[in-house]
Amino acid sequence: MRFSQTLIPTLRENPSEAEVVSHKLMLRAGFIRKLSSGVYSYLPLGLMTLRHIEKIVREEMNAAGAQEVLLPMVQPADLWRESGRLQKYGPELLRFRDRHERESCLGPTHEEVITDLVRNNVHSYRALPLNLYQIQTKFRDEIRPRFGLMRGREFIMKDAYSFDDTDEAAQLTYEKMRYAYHRIFTRCGLAFRAVEADTGTIGGSFSHEFMVLADTGEDTLVICPKCSYAANMEKAACMPPPTGEKVAEKPLAKVETPGKRKVGAVTEFLRISAKELVKTMIFMADGKPVAVLLRGDHEVQPVKLQNFLGAVEVELATDQECFTATGVPSGYLGPIGMKIPMVADREVLAMQNFAIGAGEKNYHFINANVGRDFQVERTADLRLITEDDRCPLCGAGLNLTRGIEVGHIFKLGTNYSEALHAVFLDSNGQEKPFIMGCYGIGVSRVAAAAIEQNHDKDGMIWPLPIAPLPLIILNLGVNDEKITTAAESLYSELEEQGMDVLLDDRDERPGSKFKDADLLGIPYRLTVGKKFAKEGLVELRTRKTGESVDIPFAEVRDKIYQMINP
RNA sequence: CGGGGCGUAGCGCAGCCUGGUUAGCGCGCCUGCCUUGGGAGCAGGAGGUCGGAGGUUCGAAUCCUCUCGCCCCGACCA
């Protein structure tokens, strides 16, 4: 590929629309251009990277026994009505009518279509297990697209759907996919972790998210450095509190705390730490108030509370809702005399002689104790895990890390097969719904995540397997016959050997070529310039390390070939 | 949808508040000279319905109304 003849519109300055580094760099390096909000065109270099990711995905999916298909992007609304998701999915599902006034939608995902395909064509346990995947453009009408390819409305996704006859078989399929995903992201050259995730509204027994580790990631992960434990913050379990030494219970006392409402103000006033106070927070769970008791320095994890209560929606109550529900102004709420259902975080049980709101304006109690002063019937792990917590499996200290979700695997069970009546006959002639799983990889997001994880101030630094090309050759003497001949012959020989090479044959000054080569992040760079003219040497530089070596021209081909095709 | 901000040349911006010749600047682009190992220099040049529509005015990039698009924060999410 010749730089001069390829559409690589590099930009010297950062486009004002971009906020995150992958977005900025993809625009600057001429990988993508925006058409409209959340919708991007892929230019040659961007597409080359996507193709490399896709190739790895295909190879590993095929190796895991999955078969590639390509499903329609335009889908009939009736199918979505049948699964019940036409209502549930909400405005993220882009709907429209065709010329015959038929209701249609753009596929944000393909559970319905695949289940329809399978129910019409697979009827026997003999055909199972079946695992079908596709690499397709999805459209989700996101409320707020942002961060370039990281959260576009249109994006490329690999999605696979598995169909099994028994739970054990489905479990095996799930494990195969988990293994395939490990191989895929490893082969992409990315640092990642698989974490336990909340199954969310999809339900099902379990789910793992594959997270590319990057400081700029949107999600926070909890990782144990000693054992294999890794989880999403939403899911991360907190160890039950240690049953410490019991100390003597002090008498409960009421103290005036005028105007002290926030934890910080109360503890400062009482000269105690937040760990010696139990705060009472009111949440509205599907419209009904619930009081949550929590150690002063902890925070509620709403998803845990939601799951514990079996609620669809959980929200922190407003001050008004608090007062209406309890008759006490927020800030002085306490468990004693609480009129509404209460639930305590487990950690509260380990506390003694702690402060609480008195349930009366401008007063708190000190030296309160569970059991003596009030009862808690329901306790659970409800709080957000912190850096001070210990691994729930092995007890080691935990690390919190940022990550970007690039893959998600779910065991779906029979949710969709039952809704769409997708059934088969088992060996006993019994009709049964397929046991399904679904497995997604955000292909375009992988590219963005790779940049978030691998870049420096000069530009991208692509891992070799997914780089648009492995090598760029800089001709620093386009007006020098000797240098040009050498660069051109090197280029054509390597291309003949089947290697993708970008030849910078532009009539630009050396500085510009170096800057662009860095920006594009191509792993290896060969410079043919004045050192060649004088001494017959070309410079080989590694983008990641910045290390360079001078190599006699005659040895370069072999050296390159070894490095790039190990 | 709520809050904030921005649309002026391919990119980044100034000008707008306080209306007044031909709308500027840097980068990029084209031509020539010169230069050639980390985004050189000189000279010349092309490129604008000032997002769009309507209004106020002798006169609108500038003031008013409407509208479209984009970005950021929040709720939501691969």
Side-chain angles (χ1 to χ4, degrees), chain A residues 7 9-20 23-24 27-28 30 33-39 89-93 107-110 136-159 197-198 200-202 207 209-212 217-219 234 302 313 315-316 403-410 438-449 457-459 474-480 483-484 504 506-519 525-534 537-539 541 546 548 550:
Chain A
L7 183 62
T10 60
L11 264 24
R12 189 190 291 222
E13 288 167 280
N14 273 322
S16 59
E17 69 186 56
E19 190 73 9
V20 300
H23 191 194
K24 285 179 187 170
L27 288 168
R28 280 193 58 203
R33 282 295 182 266
K34 185 176 69 186
L35 180 61
S36 70
S37 181
V39 178
Y89 217 91
E92 213 173 288
L93 181 66
T109 177
H110 284 71
Q136 242 278 32
T137 298
K138 306 282 193 214
F139 191 91
R140 294 185 189 175
D141 201 356
E142 285 278 340
I143 301 170
R144 186 151 88 85
R146 55 185 133 177
F147 307 147
L149 294 193
M150 203 75 96
R151 186 182 303 291
R153 291 194 296 166
E154 194 176 285
F155 59 100
I156 298 174
M157 185 168 168
K158 186 285 304 181
D159 48 329
D198 189 78
T201 45
I202 293 183
S207 156
E209 287 175 348
F210 286 76
M211 315 287 301
V212 166
E218 287 186 87
D219 298 310
E234 288 177 2
E313 203 185 345
E315 252 185 325
L316 191 61
I404 299 163
E405 182 183 353
V406 289
H408 202 155
I409 59 179
F410 285 98
C438 76
Y439 319 91
I441 290 179
V443 173
S444 41
R445 186 184 275 185
V446 168
K457 64 173 176 42
D458 294 317
L474 304 188
N475 176 355
L476 291 194
V478 286
N479 299 316
D480 180 309
I483 291 173
T484 297
D504 192 345
R506 297 174 301 167
D507 187 6
E508 290 287 336
R509 299 170 58 80
S512 304
K513 296 194 175 192
F514 288 137
K515 287 290 183 191
D516 273 345
D518 285 348
L519 181 61
R525 183 185 86 190
L526 269 183
T527 306
V528 188
K530 72 179 184 203
K531 261 188 285 190
F532 173 75
K534 283 184 196 157
L537 295 174
V538 295
E539 180 200 79
R541 183 175 146 109
S548 56
D550 292 327

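All of these numbers come straight from a predicted model, not from anything done at the bench.
- Rounded to whole Å, the C1' atom of A60(B) lies 13 Å from the corresponding atom of G54(B).
- Looking at heavy-atom distances under 4.0 Å, G529(A) makes contact with a base.
- Heavy atoms of N479(A) sit under 4.0 angstrom from at least one base atom.
- K457(A) places its NZ atom 12 Å from the P atom of G39(B), with the value rounded to the nearest Å.
- Distance, D516(A) CG to G28(B) C1': 12 Å, rounded to whole Å.
- You'll find that the side chain of E508(A) is closest to C29(B), out of C29(B), C72(B), C76(B).
- Judged by centroid separation below 5.5 Å and plane tilt below 30°, F155(A) stacks onto the base of A78(B).
- Here C29(B) sits opposite G45(B) as a Watson-Crick or G-U wobble pair (both hydrogen-bonding atom distances under 3.5 Å).
- Contacts of D518(A) classified as side chain to side chain donor-acceptor pair (under 3.5 Å), with partners at least two apart in sequence or in another chain: none.
- Following rounding to the nearest Å, L27(A) (CG) and C71(B) (C1') show an atom-to-atom distance of 13 Å.
- Side-chain contact between F210(A) and I441(A): absent, with no pair of heavy atoms (C-beta onward) separated by less than 4.5 Å.
- The phosphate of C73(B) has OP1 or OP2 within less than 4.0 Å of a side-chain N or O from R144(A).
- A heavy-atom distance below 4.5 Å is found between the side chains of Y439(A) and K158(A).
- Residue-to-nucleotide proximity on RNA chain B shows that, of S36(A) and F514(A), the 5′-proximal contact is made by F514(A).
- Within 4.0 Å of G152(A), counting heavy atoms only, lies at least one base atom of the nucleic acid.
- The partner of U36(B), taking Watson-Crick or G-U wobble pairs whose two distances both stay under 3.5 Å, does not exist in any strand shown.
- Applying the 4.0 Å criterion to OP1 and OP2 of G38(B), one finds that K515(A) has every side-chain N and O outside that range.
- For the P atoms, the distance linking C58(B) with G44(B) amounts to 42 Å, nearest Å.
- Of the inter-residue distances, the one linking E154(A) atom CD with L35(A) atom CG reads 8.5 Å to the nearest 0.5 angstrom.
- Distance from the side chain of R12(A) is smallest for G39(B) among the nucleotides G39(B), C1(B), C71(B).
- The CG atom of L11(A) sits 5.0 Å away from the CZ atom of R33(A) when rounded to the nearest 0.5 Å.
- Comparing G74(B), C71(B), A78(B) by their closest approach to the side chain of R146(A) singles out G74(B).
- Residue-to-nucleotide proximity on RNA chain B shows that, of R153(A) and G38(A), the 5′-proximal contact is made by G38(A).
- Between S16(A) and the phosphate of C13(B), there is a side-chain N or O to OP1/OP2 separation shorter than 4.0 Å.
- For the pair R445(A) CZ and A78(B) P, the interatomic distance rounds to 8 Å; values are reported in whole Å.
- An OP1 or OP2 oxygen of A40(B) is reached within less than 4.0 angstrom by a side-chain nitrogen or oxygen of R509(A).
- With both ends at atom C1', the span from G38(B) to A43(B) equals 26 Å, rounded to whole Å.
- Backbone-only contact: G511(A) has heavy atoms under 4.0 Å from sugar-phosphate atoms and none from a base.
- If you check distances only, the side chain of N14(A) never reaches the base of G12(B) with a donor-acceptor pair under 3.5 Å.
- Annotation: side chain of S36(A) is in contact with side chain of R153(A) (closest heavy-atom distance under 4.5 Å).
- Comparing the C1' positions of G28(B) and G45(B) gives a spacing of 14 Å, expressed to the nearest Å.
- Listed pair R525(A) / G37(B) fails the phosphate criterion, with no side-chain N or O lying under 4.0 Å from OP1 or OP2.
- Using the Watson-Crick or G-U wobble rule with both distances under 3.5 Å, G2(B) pairs with C73(B).
- Atom-to-atom, CG of D507(A) to P of U35(B) comes out at 14 Å; the value is rounded to the nearest Å.
- Only the P atoms considered, C29(B) is 43 Å distant from C66(B), to the nearest whole Å.
- Annotation: C25(B) and C63(B) have their C1' atoms spaced 26 Å apart (nearest Å).
- Taken to the nearest 0.5 Å, the NZ atom of K24(A) stands 11.5 Å off from the CZ atom of F147(A).
- When heavy atoms are screened at a 4.0 angstrom cut-off, D480(A) is found touching no nucleic acid atom at all.
- With hydrogens and angles ignored, a donor-acceptor pair under 3.5 angstrom links the side chain of E539(A) to the base of G37(B).
- The CG-C1' distance, from D504(A) to U36(B), rounds to 14 Å in whole Å.
- Nucleotide A61(B) forms a pair with no other nucleotide shown, judged by Watson-Crick or G-U wobble geometry with both contacts under 3.5 Å.
- In this structure, A9(B) makes no Watson-Crick or G-U wobble pair, since no nucleotide meets both defining distances under 3.5 angstrom.
- Only the C1' atoms considered, U56(B) is 36 Å distant from C11(B), to the nearest whole Å.
- In the interface, the side chain of E13(A) is paired with the base of G26(B) through a donor and an acceptor atom under 3.5 Å apart.
- For K513(A) and U36(B), the shortest distance from a side-chain N or O to OP1 or OP2 is not below 4.0 Å.
- As judged by a 4.0 angstrom heavy-atom cut-off over every strand, T527(A) is placed among the base-contacting residues.
- The residue E405(A) sits close only to the backbone: its heavy atoms come under 4.0 Å of sugar-phosphate atoms, none of a base.
- Taking atom C1' in both A14(B) and C6(B), the straight-line distance is 15 Å, to the nearest Å.
- Nearest nucleotide to the side chain of L11(A), out of C11(B), C71(B), C73(B): C11(B).
- Straight-line distance from the CG atom of L476(A) to the P atom of G39(B): 13 Å, rounded to whole Å.
- Formation of a donor-acceptor pair under 3.5 Å by the K513(A) side chain with backbone atoms of D504(A) is found in this model.
- The side chain of E19(A) lies closest to C72(B), out of C72(B), C27(B), C70(B).
- We find that CG of L537(A) is positioned 14 Å from C1' of G37(B), with the value rounded to whole Å.
- Of the candidate nucleotides A78(B), C71(B), G38(B), G38(B) has the atom lying nearest to any side-chain atom of D518(A).
- A salt bridge links E17(A) with K34(A); the closest basic N to acidic carboxylate O contact falls under 4.0 Å.
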